[in-house]
Amino acid sequence: MRLFVSEGVPGILSVLAAASRVRGKAELLISTVGPEECLVPFLTAPKVPVLQLDSGNYLFSTSAICRYFFLLTGWEQDDLTNQWLEWEAVELQPALSAALYYLVVQGKKGEDVLNPVQRALTHIDHSLSRHSCPFLTGETESLADIVLWGTLYPLLQDPAYLPEELGALRSWFQMLSTQGPCQQAVETVLKQQGVLALRPYLQKQPQPKLLEGRTVSNEPEEEELATLSEEEIAMAVTAWEKGLESLPPLRPQKKPVLPVAGEKNVLITSALPYVNNVPHLGNIIGCVLSADVFARYSRLRQWNTLYLCGTDEYGTATETKAMEEGLSPQEICDKYHTIHANIYRWFNISFDIFGRTTTPQQTKITQDIFQRLLARGFVLQDTVEQLRCERCARFLADRFVEGVCPFCGYEEARGDQCDKCGKLINAIELKKPQCKVCRSCPVVRSSRHLFLDLPKLESRLEEWLGKILPGSDWTPNARFIIRSWLRDGLKPRCITRDLKWGTPVPLEGFEDKVFYVWFDATIGYLSITANYTDQWERWWKNPEQVDLYQFMAKDNVPFHGLVFPCSVLGTDDNYTLVSHIIATEYLNYEDGKFSKSRGVGVFGDMAQDTGIPADIWRFYLLYIRPEGQDSAFSWTDMLLKNNSELLNNLGNFINRAGMFVSKFFGGSVPKMVLTSDDQRLVAHVTLELQHYHQLLEKVRIRDALRSILTISRHGNQYIQVNEPWKRIKGNEADRQRAGTVTGLAVNVAALLSIMIQPYMPTVSTTIQAQLQLPSLACSILPTDFLCTLPAGHQIGTVSPLFQKLENDQIESLRQRFGGGQVKASPKPVVVETVTTAGPQQIQTLMDEVTKQGNTVRELKAQKADKNQVAAEVTKLLELKKQLALAEGKPLDPPKGKKKK
């Protein structure tokens, strides 16, 4: 059979990605033709793609061709896949065509492009979220996934059109986009031109008609409320009415924390930070803060949870730092271990154990694992050529050699791995190598070393991965990294080094060597647990009862997902292996990288000196958590998120709800008589709470934070529409209505105080103290929205939760932490200097402008009080001003009335 394709035609993407499945199963010739070529004799217009079958028949729709390829592989049709394909043809295709036409042909941007597809994108996201599956029809990739991915790719390849709040859609799209067949299809069709490659094709298409009856609302909560069934509302109200009595008894806290048979036992680790430096914001979000959110959430679910971390203290990095500071390696470790511990304590990281690797337990467990590997034939000996710095009189550890990557030419590649292309490197392969300590050129010398025989362990690793990956929550980047390593074939990995500061090698002839830090650093998790409890094996040799979650940045994935599993699989000692690897991308600082030496960026020991509370740092770092791609810390964006999301949204709602109870009802929660609208709000909050649970169970930390902010937005809108401050002055019915609205609102605030506990623990505790929330309600997060503050409950003193960040304050901090990136200016910085913000920040402001504009229009339509309208107009003008600044536009001068 023969497949005809053409460059720059959208439908080709899915077809080429699906075609890769039939290689080796059928003979397929792929020919590239012009888009105007008539290939099907009975069609009146040119059409590609086209599949000419061996029988002489033709298939000429994308879904039909893809279906045919899948059928050749033995795939069996199912109703859910067929439903998705029908929806793609009827709903998604017309909407996507309109969006691409507006973008590419008419040059429109932002909401004009997103509006036609917003409903469709939300539908996909909700489907993925509600079924908690990585793919559209289940746990494995299907025909529906390939067809929809190909339809969406031309638009969603630009992150600006992949809304952050649609986290499930984002993860699904990125997972498929990293696969080899999909990447090859993109290269063939788009030729590195992106969406512009489609321009010639789209210019010949008729201008799309606006889809009648499909105007997209800027208020997604209204649309969501409309989809609730009466049964869902009734169930939510029933749960609400049961209140605290429906909560389970509080699980007793025992020390040490140990696994319990029949319960969910969660073991959480953060990648061990090197002891020789101070962590910056990227280190903190990549490992400890992300893991802390999940650990706190696990405890709120009453899962039996142990969260551990510690400093990684062995290796050349420590020896060199000691030499620089005139201290012994042990003194350096003691000094910096304390620095790390203090930083994490300030950030409110809730470790059960924060240990270290320089302990007798580390030596004992590492040597035992090595001896078992040696006895089973998984350790090799070989002579290695190494780089030695004659000036420093030492062999150089991999990370203390820098040079040009032999694969991609990156000029700052390390001696073990290139951060740009991700490939492993032997230090002697580097071009133009330099000693990072003295910058002299090292020489090559020979030394005998031990190797872990990874090729011999590869089949065990493949078997384990085959069992663990399908049902796991490994992040897409972690899956991709491990697949790429396996695709290239594993090679023996050196596990010893010519050093003094490390775990000694217990083998004759190797007494002067120590274990390579990346052989024994991951064993540090075990030894840190062993120093916490002598029953450590109940966690680490108990794979049947323990779920192991490991948090790290993406550069640590090979060691946690490959080297350590191979090491313990080879011992035949029933070790607990990682169930879920949660890997972030990198966090940059403004437009560059963090650099302690250049004074660029905020490091952990500096954050507490800014005057900004730890919870605000936690919130912003989690809001911009680099999940699917690298992200950047921005002072301007931090100010906007604090002032809009925390101060004006979350803080405003919680404060108003509490103040209404204090001011209008003497601090006692009033009686609530729920109307149908109130019941719908209860059901909607329940639905959003359940979505929050689904996201955090899948460790989608950033997306779950959006659910919190969505609920508070619903609460603000609920208060604004019902106006309890006016109704309290009316007749008995109005006063009762004011009571119901206030009571329901303060219960939403109580729920939010528990939901934000993993993210902002101090703020959470403050809210719970102000509302006098019962202790049981503070410790358990239910799956339904419950009435935890019944009528008559007395609350405490309510006060504002957040403070506004001012422009001059933020500009001062930007200057302070800018290092060489900020150029001195002879004039004082003007707050309203035009600086272009990122697309996500601009999109957030556009959404806020739209929402505030709707508020003003509604008030005017209701002929509201002029002072109230004027106040809301002032807010709108301020938002428009912020948007103009963010887009880099000059501010318009005030407009006067024109003379007639």
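Quick caveat: nothing in here was measured; it's all calculated off a predicted structure. Because only heavy atoms are used, hydrogens play no part in the values below, and waters and symmetry mates are left out as well, while side chains stay in.
- A donor-acceptor contact closer than 3.5 angstrom is absent between the side chains of T137 and W84.
- Around CD of Q83, the count of heavy atoms belonging to other residues, nucleotides or ligands within 6.0 Å does not exceed 12.
- E230 is not listed as a side-chain neighbour of Q679, based on a closest heavy-atom distance of 4.5 Å or more.
- Side-chain contact annotation: T81 with R67, donor-acceptor N/O pair under 3.5 Å absent.
- Contact detail for L461 and P565: the closest heavy-atom pair is CD1-CB, 4.0 Å.
- The shortest distance between side-chain heavy atoms of F70 and I146 falls below 4.5 Å.
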### Task
Check the pair F294 / Y307 against ring-ring contact (aromatic ring centres under 6.0 Å, His included), numbers first and verdict last.
CA-CA 9 Å; F294 189 68; Y307 174 29; 9.8 Å; no
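- D125 and T122 share no side-chain donor-acceptor pair at under 3.5 Å.
- For the residue pair T151/E88, the side-chain donor-acceptor check at 3.5 Å is satisfied.
- Across all non-hydrogen atoms, the minimal contact from P558 to K554 is CD-O, 4.0 Å.
- Shown here for L587 and L621, the closest heavy-atom pair between the two residues is CD2-CD2, 3.9 Å.
- If you check the side chains of D678 and Y718, you find a donor sitting under 3.5 Å from an acceptor.
- What you find for V578 and W464 is that their closest heavy atoms are O-CZ2, 3.3 Å.
- The two residues S753 and I756 come nearest to each other via the heavy atoms O-CG1, 3.6 Å.
- Judged by the 6.0 Å and 45° rule, K641 forms no cation-pi pair with Y620.
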### Task
Step by step, work out the ring-ring contact (aromatic ring centres under 6.0 Å, His included) result for W303 and Y297.
CA-CA 9 Å; W303 298 339; Y297 172 73; 5.8 Å; yes
### Query
Can you check ring-ring contact (aromatic ring centres under 6.0 Å, His included) on W474 and H560, steps first, answer last?
CA-CA 12 Å; W474 284 44; H560 290 76; over 10 Å; no
#### Entry: Pair I285-S290, side-chain contact (heavy atoms from CB on, under 4.5 Å): steps then yes or no
CA-CA 6 Å; I285 184 58; S290 295; 3.8 Å; yes
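- Across all non-hydrogen atoms, the minimal contact from T576 to P543 is OG1-N, 3.5 Å.
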### Message
Before you tell me yes or no, could you show the steps for I701 and F551 under side-chain contact (heavy atoms from CB on, under 4.5 Å), namely the whole-Å CA-CA distance, both residues' side-chain angles and the distance that decides it to 0.1 Å?
### Response
CA-CA 12 Å; I701 292 170; F551 289 76; 4.1 Å; yes
